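Below is one structure. I have some questions about it.
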There are 2 protein chains.
Amino acid sequence: MADTLLVSVAPAPGSRKADLLAASRRLFSERGYASTSMRDLAEALDMRPASLYSHYRSKEDILWEIALDCARAFHHRVLPLAEAGSPPGDRLAAMLKAHVEVIIEWRDSAAIFFREWKHLEGQRREQYAALIHEYETAFVQIIEEGITSGEFQPLDSHLSAYAMLSSANWIHRWYQPGKSLSPEAIGDYIASMALNGLRNDTAPLREAGGEHEGKA
Amino acid sequence: MADTLLVSVAPAPGSRKADLLAASRRLFSERGYASTSMRDLAEALDMRPASLYSHYRSKEDILWEIALDCARAFHHRVLPLAEAGSPPGDRLAAMLKAHVEVIIEWRDSAAIFFREWKHLEGQRREQYAALIHEYETAFVQIIEEGITSGEFQPLDSHLSAYAMLSSANWIHRWYQPGKSLSPEAIGDYIASMALNGLRNDTAPLREAGGEHEGKA
DNA sequence: TATCTTGCCTAACGATCGTTAGGTAGTTTT
DNA sequence: AAAACTACCTAACGATCGTTAGGCAAGATA
């Protein structure tokens, strides 16, 4: 659909433009887009604010490039895994694991993929919302496949997809490279929890799903 | 610890101050704190910007009150459920369900509990971070109880707690009253997914937990 | 050598920000 | 009836915002 958006045009590594992108990713992610001024970015790069406009025509142009970069990573590395021929559970686990790895690898801009893109305006915002919707739909569809085949419980597919993606999307809040588990181990945990839950299957089973249970 | 922070001093319902809080909750949640100006708030209430200062001494004072209100709801309605005498799995399910219900009931300020509090400064920010940490720790501890008793799999307790809270914290992004499921049903889904996972237990079992599985 | 381009600079524009000073009409308290 | 308080107002302050105009030195190109 919006595939032309996803063709990479990354600046040369080590160039001043790449430095600007890196600093923007970090500051937008830490403080938020609205709370990061062009003067903040300039200071981080030891430049004058006006000089930034030699590389980008506006603050929103920077956000747009960062947001697209991150969307590219998710689309290119996760979505192809939806199409393998294995059972839905295996494919979903692989997708979740790849999703987690992208989040960790793109730590600084993952927050932008989830949050800060809302500061885009007009057509860009609509295009980006479509990219995100397309991405989420891949998870919804594979869950529906699994429900149809009987491999998954007949839960609400949208709610399930949002729940498992959300559980991954918070990683950038607490992940610390070196101190936390490896990206692969975290991916395995998240995938396992989404598919098998926290409960130990060898313990006495309980009824699944949901009626009420003693609400105040 | 910071219990005095959690004593409610809510303004009378229907008062102008309550209107201001409601408008602030909605706008801070929709656009973010930094992108909402005092003039925006004034316009939403059909007032002049300066008049807001008859009710609050600063913009941050408004954020602080909203953030505390929301923290109160979580602490008062969820944490007591951690202390019942039932098995960890049952208590955790009840806590998650209550957590979801608070998120939905406090839809407009839940985003502030999770995100916008970072715009608090100095001592307030530290106090609020402590409140959130205290809240999360209750989930971590009950998971550790369940692991010790053998009811839960021996997964990382912090990671598990963050993952299940996160899966709930995204609800405010898509929940639409009337159109979505009831808060109770969503709470049951989230709790069931966290404990039992998506996979149907009557289907052929797979190994749980986490080693690697054929990464590219 | 002459011209063009690149990447930075100084200076400043107009808009918008949170906030304050000072006033006024209506209500409540003394 | 006098005083005090409440909830709003007009006007404006200084700071900061994204951005632009115009210049200048160094390297690339002709």
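First the proteins, then the strands, lettered A, B, ... as listed; each starts at 1. This one's a predicted model, so the numbers in the text were calculated from it and none came from an experiment.
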Who passes side-chain contact (heavy atoms from CB on, under 4.5 Å) against S51(A), sequence neighbours left out? M47(A), R48(A)
Pairing residues for Q141(A) by the side-chain contact (heavy atoms from CB on, under 4.5 Å) criterion, not counting sequence neighbours: T137(A)
Check the interface with nucleotides 24-29 of chain C: list each N/O to N/O pair with the protein under 3.5 Å, or write none.
none

Without decimals, in angstroms, what is the distance between D40(A) CG and dT16(D) P? 11 Å
Take the protein atom CE of M47(A) and the nucleotide atom C1' of dT6(C), then report the distance between them rounded to whole Å. 12 Å
Is it true that atom CD of E121(A) has more than 12 heavy atoms of other residues, nucleotides or ligands lying nearer than 6.0 Å? no
Residue list, side-chain hydrogen bond (donor to acceptor under 3.5 Å, both in side chains) with S180(A), at least two apart or on another chain: none
Short of 4.0 Å, heavy atom to strand atom, which residues of residues 26-39 of chain B count as contacting DNA chain C? T36(B), S37(B), M38(B), R39(B)
Sequence neighbours excluded, the answer for salt bridge (Lys or Arg N to Asp or Glu O under 4.0 Å) partners of D19(A) is R16(A)
Return the set of residues passing salt bridge (Lys or Arg N to Asp or Glu O under 4.0 Å) with E105(B) (not counting sequence neighbours), or none when no residue passes. R77(B)
List in numerical order all residues of residues 48-63 of chain B for which some heavy atom is under 4.0 Å away from an atom belonging to DNA chain D. R48(B), A50(B), S51(B), S54(B), H55(B)
Could you pull out all residues at least two apart from E65(B) that satisfy salt bridge (Lys or Arg N to Asp or Glu O under 4.0 Å)? none
Take atom CD of E43(A) and atom C1' of dC8(C), then tell me their distance rounded to the nearest Å. 17 Å
Mind checking salt bridge (Lys or Arg N to Asp or Glu O under 4.0 Å) for E60(B) and listing every partner two or more places apart, or none if nothing turns up? R124(B)
Any side chain to side chain donor-acceptor pair (under 3.5 Å) pairs touching residues 31-47 of chain B, not counting sequence neighbours? H119(A)-S35(B), R31(B)-D40(B), S37(B)-D40(B)
Applying side-chain contact (heavy atoms from CB on, under 4.5 Å), can you list everything that pairs with L159(A), at least two apart in sequence or on another chain? D156(A), W174(B), L181(B), I186(B), Y189(B), I190(B)
